Each structure stands twice: as C-alpha cells, then as structure tokens.
Number of protein chains: 2
Amino acid sequence: MKTQDQCPQCSRINEVLSRVGDRWSVLIVISLARYGTLRFNELKRNLGISQRMLSRTLRELERDGLVNRTYHPTIPPKVEYNLTPMGESFRQPVEILGQWALDNITNIDAAREKFEANHADA
Amino acid sequence: MKTQDQCPQCSRINEVLSRVGDRWSVLIVISLARYGTLRFNELKRNLGISQRMLSRTLRELERDGLVNRTYHPTIPPKVEYNLTPMGESFRQPVEILGQWALDNITNIDAAREKFEANHADA
DNA sequence: CGGAATCCCTCCTGATACTG
DNA sequence: CAGTATCAGGAGGGATTCCG
C-alpha cells in the first residue's frame, strides 16, 4: 500500500517511527537519558521488561546508532549501555512526548469515561 | 509484570504511549494538524491506511478526546474530523518527533549499513 | 551476568464483502 | 460515502531453558 501525495512525508515519518517509535525503545532511551550509563539487568529491573525484549530492542537501538554497547570481558561479564550523540538528540523529542503523556493521562481517562457514559444510554 | 521504582513514571508514560503512540494515531494527528478538517476518505487516501484501521483509530482518538467527529446526515453521508484542543496540544510533541524522524532517517540508515558491514566479517 | 533459542499466545493489521 | 463483519497472516511480547 502506498502513501499518497497529500502527505508525502507521512510515509518516511512512519518508516522512522516504526523503528524507534515503539514503546520499549522510547522507554530505554528515556532511562539512559536520565541515568547516563546502565547495565543490562539495571535496565531490566527499571523498566519491567522481559529479557527477550530488552536484548532485542537494545540490539536494534545499537544497530540504528542510538545506543553504545560496551562489553567488559570480566567474570561475571558486565555490559554497559549509554546513548550515542544521535541517541542524545533523540532525547528531547522523546522527553517532550513523555511529558505530554504524563500531563494528559488524566485528561484522556476523563474523556474516555465521558465517552463511555454517552454511549451507555441503552 | 510491574515497573520498578527506579523509573516510576515509565509505566504511566508507557500507558499513554500505548494509546496514542501507535503509527496511525500519530499520522492522523499530523494530517489533521496540517489540513484542519478532513473527511473519512480524504484521510484514507492521504495516509494509505485501510478502512478498518482508519475507522478503528479514529474512534479511539475520538474516545480519548483528541479528535472531534461531526456527522452530517446527508445523502450521501458526510463525516468530518478535526482536532480537539487536547489534540492540538498533542500536535507539538508529535511534530517535533516527526521532524526528528525526517532529520535522522539517513543517519539511521547509515548506522545500519555500518553495523551490518561490521557483523558480516565471517 | 548477559544473553540466545524455543514455545506459545495475543493483538495488530490488511483484504474482502456487506450495509445504511 | 462511511462505515461494520469476518477471516487470515504476521509481528509483538512473555515464560522458560540453556550457554559463555
């Protein structure tokens, strides 16, 4: 399916957001932005994410150039993650989005309740 | 699974982003922000979205208080959509995110190629 | 500790066909 | 025109197990 010419940038925006716009990527970036450098299990505990999704998402973020991965070949192993410059540049848009989310969650809940109420008039 | 105390807001941010953070919601808000008021099939053509997803997403956006739906009981029927004040307030975060996406798509592509190259050394 | 691999299930998403 | 209903495929994501 092709995006039409009315919103020519929509498809490209879509493309990027499909990559870095999912919930786990966003939350990982927020965490790394706030705490600087974190280890694998620190992120895991902080976010309440499964091992599988964390390693998967981190690898994608590394591949897309948003996150640095530093492997310390000690015993036991130690792997640290932090943001690259591009990851840092992603921080502001994400923080703004996150702040909006926090600011409007109650509004959304209220709108939902109202909507449900209006549609419950059997 | 519960989000831990290190990032207490992450779960709430996650909550909101799960609602309005999907690709279609974002693109619909962007379109309505740019064009003001659009009809159902105008949105459909602009975004290259399926009927099903469009009606579904629009209903959710209406329910969450981001979009107004105006039904004109004419023949043929005519339904118009535009942003509510809360929808407008969502516009800035979304536009910023969209702009970052456009600005960095080439960087991401480059990072990917480099990553793939480095991991192709058999 | 930091993963990779496997299993399994849900939800998202699109295609198609039908209705007012 | 603006939907709804139904079906089917694929991706998202958790739990568990095993390895370096």
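Letters A, B, ... are given to chains in the order of the sequence lines, protein chains preceding strands, and every chain is numbered from 1. Please read these numbers as outputs of a predicted model, since none were measured by experiment.
When rounded to the nearest whole Å, the span between CG of L43(A) and C1' of dG2(C) equals 12 Å. What separates CD1 of I75(B) from C1' of dT19(C) is a distance of 14 Å, to the nearest Å. As rounded to whole Å, 12 Å separates atom P of dG3(C) from atom NZ of K44(A).
Evaluation of the side-chain contact (heavy atoms from CB on, under 4.5 Å) rule for A111(A) yields no partner, not counting sequence neighbours. For D103(A), the side-chain contact (heavy atoms from CB on, under 4.5 Å) partners at least two apart in sequence or on another chain are Q99(A). With sequence neighbours excluded, the residues satisfying ring-ring contact (aromatic ring centres under 6.0 Å, His included) with W100(A) are F90(B). Considering only residues two or more places apart in sequence or on other chains, E42(A) meets the salt bridge (Lys or Arg N to Asp or Glu O under 4.0 Å) condition with none of them. Scored by the ring-ring contact (aromatic ring centres under 6.0 Å, His included) test, Y81(A) finds no partners at all (sequence neighbours excluded).
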Under 4.0 Å protein heavy-atom contacts per nucleotide of nucleotides 1-13 of chain D, with B for base, S for backbone only and - for none: BSBB-B-----SB
Show me, pair by pair, the donor-acceptor contacts under 3.5 angstrom made by side chains of residues 65-72 of chain B, not counting sequence neighbours?
| residue | atom | partner | partner atom | Å |
| --- | --- | --- | --- | --- |
| N68(B) | ND2 | N82(B) | OD1 | 3.4 |
| H72(B) | NE2 | E80(B) | OE1 | 3.2 |

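In this structure, I96(B) belongs to a hydrophobic cluster whose other members, linked by side-chain heavy atoms under 4.5 Å apart, are I96(A).
Inter-axis angle, ends of the helix from dC1(C)-dG20(D) to dG20(C)-dC1(D), five pairs per end, rounded to 10 degrees: 40°.
T106(A) and D109(A) are not linked by any side-chain donor-acceptor pair at a separation below 3.5 angstrom, with hydrogens and angles left out of the test.
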